Amino acid sequence: MAKAKSGKKREKNAGDQPTLPGTREASTARESSPASATRILPMQLQIGDRISDETGEWEVVSRPYTTAGGKTAHVRVRRVDQAAVVEERSWGAHEHVAVKRA
């Protein structure tokens with residue numbers, strides 16, 4: 001025979017245990033600053049996004065496109081401090097890229 005539950009309801013996380021990192025309650029308490037870098041897939045890059053690497057800071061100047069059956073993503077970027085320097089960057093379509101949104 002099943003035992004009847006008591007009429008009291010216990011509050012969730014009533015102060016007896018701290019919240020775990022990565023849980024919904026902990027993530028809403030921490031706000032990200034707008035200047036922080038976010039990690040996105042290469043096909044989600046937008047014109048004006050900034051990419052930083054060991055050679056400097058780059059700005060996306062064209063929409064991304066894929067080759068090799070969608071497995072490789074390409075985008076044209078230019079140096080922020082030297083507008084005449086333009087390169088084409090390539091990533092695997094599954095890789096995440098750290099960008100700063102404008």
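The figures that follow rest on heavy atoms only: side chains count, while hydrogens, waters and symmetry mates do not. Note that the structure is a prediction, hence the values are computed from the model and not measured.
- Closest heavy-atom contact between R78 and V61: CG-CG1, 3.6 Å.
- Here the CG-CD distance, from D53 to E57, works out to 10.0 Å after rounding to the nearest 0.5 Å.
- Residues V77 and I51 are in side-chain contact: their nearest non-hydrogen atoms beyond the backbone lie under 4.5 Å apart.
- Both V60 and W91 belong to a common hydrophobic cluster when Ile, Leu, Val, Met, Phe, Trp and Tyr are linked at side-chain heavy-atom distances under 4.5 angstrom.
- Listed for the S62 side chain is a donor-acceptor partner under 3.5 Å among the backbone atoms of R76.
- Side-chain contact check for R101 versus I40: some heavy-atom pair is nearer than 4.5 Å.
- Side chain of R39 to backbone of E95: no donor-acceptor contact under 3.5 angstrom is found.
- For H74 and T66, the side-chain atoms include no donor-acceptor pair closer than 3.5 Å.
- Summarising the geometry, atom CZ belonging to R63 is positioned 12.0 Å from atom CG belonging to L45; distances are rounded to the nearest 0.5 Å.
- D49 and K100 are not joined by a salt bridge, as no carboxylate oxygen comes within less than 4.0 angstrom of a charged side-chain nitrogen.
- W58 does not carry R50 over the face of its six-membered ring by the limits of under 6.0 Å from the centre and within 45° of the normal.
- The minimum heavy-atom distance linking A73 with P42 is given by the pair CB-CB, 3.5 Å.
- Scanning both residues, E88 and Y65, for their nearest heavy atoms gives OE2-OH, 2.7 Å.
- Linking Ile, Leu, Val, Met, Phe, Trp and Tyr whenever their side-chain heavy atoms come within less than 4.5 Å leaves V75 and L41 in two separate clusters.
- Between the Q82 side chain and the R79 main chain, no donor and acceptor come within less than 3.5 Å of each other.
- Counting heavy atoms from C-beta on, the side chains of Q44 and Q46 never come closer than 4.5 Å.
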